[in-house]
Amino acid sequence: MNHLQKPKMDVEQIVEDCASSFRESTRDGLKKKLIDLKMYIKSASDSYDVEAEHGNWDAFKQHTMVNELISTEDMCAVYTEKFVKSDNKDKYYNRILKLAETGKCPICGIGQVSTLDHYLAKTLYPTYAITPYNLVPVCRDCNFEKRDTGLDPACAPLHPYYDDIDSHIWLIALLVFKENKIVVQYDVNPEIESYDPELFVRIKVHMNLFKLNKAYAVQASTEIAEYMEVWKQMSQKWRKEDFIKYLTTTLKSKETTMRNTWHTALLRALIENVDLIK
């Protein structure tokens, strides 16, 4: 997972802009309700930032009304009709998309960012439907896999704005030689559990939620199919230590951007099991 900088936006202005294009009679006076709840939503957004920064996910409870005034259905409509669409798309929605500077999904590192995911699902936590800290740029596959999943505070998935774990080598690839070909399986580095059990569980949950094990295995299989013959020729022509040096140099180059991707984990596994390339 790639860490992203948090969006810096005025929540009061977001609420005002979303409310301004509603007519007074629309949805049982939704425009007035939004304006009346402007400070409440701002306060809730500020609290979100504080609690998320400290990993206090048990502070967030599922609810069906925003301060007993706006329903989940109406708050979802505010997001869909006024935050995603209208003039606010460029002002807010597209600006958050651009926080993923490379255009790659921060969750999987494979797909292209094309939508925003509510870390706390808007159908279950409507108060945060237009809270910028709750909106993460992702690819459509990751957004689909997560859908309207509730949050288990004891094992919350990783949040790109609040979790920066690339200092750990947390992703590993396991190579298995099966039916004359290398099969790659991905998992969380078991060493993490020995010094940070909570992080270990959260990464496990994160991997399972977004089905990253399978997604990474597909990428690795493609890589191996494309490069195996080249690697075989290198291993036959070069000394073993020179071939390992080549793989290590490639790994270090990849690690300058991110230490934990399907590619870096695969390279580490190949270096440790270089004899499988024959």
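Residue Trp238 is grouped with residue Leu267 when hydrophobic side chains (ILVMFWY) are merged at heavy-atom distances under 4.5 angstrom, including chains of intermediate members. When the side chains of ILVMFWY residues are joined at heavy-atom separations under 4.5 Å, either directly or via intervening members, Ile110 and Val184 end up in a single hydrophobic cluster. Put simply, Leu270 and Ile169 are part of two different groups of oily side chains (I, L, V, M, F, W, Y) that touch within less than 4.5 Å, one to the next. By the criterion of side-chain heavy atoms lying less than 4.5 angstrom apart, applied directly or through intervening Ile, Leu, Val, Met, Phe, Trp or Tyr residues, Val183 is not grouped with Ile224; the two fall into different hydrophobic clusters. In the hydrophobic clustering of ILVMFWY residues, with side-chain heavy atoms under 4.5 Å counting as a link, Tyr227 and Leu266 come out together.
Classification of the Tyr246-Phe243 ring pair by plane angle, with boundaries at 30° and 60°, yields parallel.
Residue-environment remark: NZ (Lys38) exceeds the threshold of 12 foreign heavy atoms within 6.0 Å. In this structure, Glu101 places its CD atom where only 12 or fewer heavy-atom neighbours from other residues, nucleotides or ligands lie under 6.0 Å away. Around CD of Glu16, the count of heavy atoms belonging to other residues, nucleotides or ligands within 6.0 Å exceeds 12. The environment of CD in Glu12 is crowded: more than 12 heavy-atom neighbours from other residues, nucleotides or ligands sit within 6.0 Å. Counting heavy atoms of neighbouring residues, nucleotides and ligands inside a 6.0 Å radius, atom NZ of Lys178 does not exceed 12 of them. Counting heavy-atom neighbours within 6.0 Å of Glu73 CD, excluding the residue itself, gives a total of 12 or less.
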Check the pair Tyr128 / Ile41 against side-chain contact (heavy atoms from CB on, under 4.5 Å), numbers first and verdict last. CA-CA 8 Å; Tyr128 310 104; Ile41 294 173; over 6 Å; no
Walk me through it: do Tyr92 and Lys82 pass the test side-chain contact (heavy atoms from CB on, under 4.5 Å)? CA-CA 10 Å; Tyr92 303 118; Lys82 304 304 177 184; over 6 Å; no
Dump the intermediate steps for side-chain contact (heavy atoms from CB on, under 4.5 Å) on Phe210 and Asp141, then the final yes or no. CA-CA 8 Å; Phe210 293 102; Asp141 284 347; over 6 Å; no
Could you walk me through whether Val138 and Thr115 pass the side-chain contact (heavy atoms from CB on, under 4.5 Å) test, one step at a time? CA-CA 6 Å; Val138 298; Thr115 188; 3.9 Å; yes
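With contacts defined as side-chain heavy-atom distances shorter than 4.5 Å, the pair Asp196/Glu198 qualifies. Contact annotation: the side chain of Met65 never approaches that of Ile70 to less than 4.5 Å [non-hydrogen atoms, C-beta and beyond]. At least one side-chain heavy atom of Leu251 sits less than 4.5 Å from a side-chain heavy atom of Ile271. Looking only at side-chain heavy atoms (C-beta outward), Ile172 and Glu191 stay at 4.5 Å or farther from each other. Side chains of Met9 and Arg95 form a contact here, defined as non-hydrogen atoms less than 4.5 Å apart. Using a 4.5 Å heavy-atom threshold, the side chains of Leu116 and Leu97 count as touching. In this structure, the side chains of Pro126 and His63 come closer than 4.5 Å at one or more pairs of heavy atoms. The shortest distance between side-chain heavy atoms of Lys181 and Phe177 does not fall below 4.5 Å.
The main-chain N or O of His3 is never found under 3.5 Å from a side-chain atom of Asp164 such that the two would form a donor-acceptor pair. When atom types are taken as modelled, the side chain of Thr222 and the backbone of Val218 share a donor-acceptor pair closer than 3.5 angstrom. The backbone N or O of Asn134 lies less than 3.5 Å from no partner atom in the side chain of Thr131, so there is not a single donor-acceptor pair. A donor-acceptor pair under 3.5 Å is absent between the side-chain atoms of Asn143 and the main chain of Cys139, judged by distance alone. Side chain of Arg268 to backbone of Ala173: no donor-acceptor contact under 3.5 angstrom is found. Put simply, the side chain of Ser43 never gets that close to the backbone of Met39: no donor and acceptor are under 3.5 Å apart.
Scanning both residues, Glu81 and Phe22, for their nearest heavy atoms gives OE1-CE2, 3.9 Å. Between His168 and Asn260, the shortest heavy-atom distance links the atoms O-ND2, 2.7 Å. The shortest heavy-atom contact between Val136 and Pro106 is CG1-CG, 4.3 Å. The shortest non-hydrogen separation linking Gln5 to Leu99 is O-CD1, 3.7 Å. Minimum heavy-atom separation, Asn94 to Asp90: ND2-OD1, 2.5 Å. Scanning both residues, Lys85 and Thr80, for their nearest heavy atoms gives CG-O, 3.4 Å.
Glu255 has no carboxylate O lying under 4.0 Å from a charged side-chain N of Lys252, or vice versa, which leaves the two without a salt bridge. For the pair Asp242 and Lys245, the salt-bridge criterion is not met [side-chain N within less than 4.0 Å of a carboxylate O]. A salt bridge is absent between Lys33 and Asp74; no separation between the charged side-chain nitrogens and carboxylate oxygens falls under 4.0 Å.
Taken from CG in Leu120 to CZ in Phe60, the straight-line distance is 6.0 Å, to the nearest 0.5 Å. In this structure, the separation between OG1 on Thr264 and CG on Leu171 is 6.5 Å, given to the nearest 0.5 Å. To the nearest 0.5 Å, atoms OG (Ser47) and CG (Asn56) are separated by 11.5 Å. With rounding to the nearest 0.5 angstrom, the OG1 atom of Thr102 is 8.5 Å from the CG atom of Leu4. Taking SG of Cys142 as the reference point, atom CE of Met1 lies at 12.0 Å (rounded to 0.5 Å). In this structure, the separation between CE on Met207 and CG on Asn213 is 4.0 Å, given to the nearest 0.5 Å.
For the residue pair Thr250 / Ser253, no side-chain donor-acceptor distance below 3.5 Å is found, with atom types taken as modelled. In summary, the side chains of Gln219 and His263 do not present any donor paired with an acceptor at a separation below 3.5 Å, with no hydrogens or angles considered.
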Extract all donor-acceptor atom pairs below 3.5 Å that involve side chains of residues 145-160 and protein atoms in other chains or at least two apart in sequence.
{"unit_1": "Glu145", "atom_1": "OE1", "unit_2": "Lys211", "atom_2": "NZ", "d": "3.1"}
{"unit_1": "Lys146", "atom_1": "NZ", "unit_2": "His118", "atom_2": "O", "d": "2.6"}
{"unit_1": "Lys146", "atom_1": "NZ", "unit_2": "Tyr119", "atom_2": "O", "d": "2.9"}
{"unit_1": "Arg147", "atom_1": "NE", "unit_2": "Phe144", "atom_2": "O", "d": "2.7"}
{"unit_1": "Asp148", "atom_1": "OD2", "unit_2": "Thr123", "atom_2": "OG1", "d": "3.0"}
{"unit_1": "Thr149", "atom_1": "OG1", "unit_2": "Lys146", "atom_2": "O", "d": "2.4"}
{"unit_1": "Asp152", "atom_1": "OD1", "unit_2": "Ala154", "atom_2": "N", "d": "3.1"}
{"unit_1": "His159", "atom_1": "ND1", "unit_2": "Tyr161", "atom_2": "N", "d": "3.2"}
{"unit_1": "His159", "atom_1": "NE2", "unit_2": "Tyr48", "atom_2": "OH", "d": "3.3"}
{"unit_1": "His159", "atom_1": "NE2", "unit_2": "Tyr133", "atom_2": "O", "d": "3.2"}

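A ring-centre distance under 6.0 Å is not found for Trp262 and Tyr186.
Legend: salt bridge (charged side-chain N to carboxylate O under 4.0 Å, His left out) pairs involving residues 39-55, not counting sequence neighbours, sorted by first then second residue: Lys6-Asp49, Lys6-Glu53, Lys42-Asp46.
Looking at residues two or more places apart in sequence or on another chain, you find a salt bridge (Lys or Arg N to Asp or Glu O under 4.0 Å) between Lys91 and Asp17.
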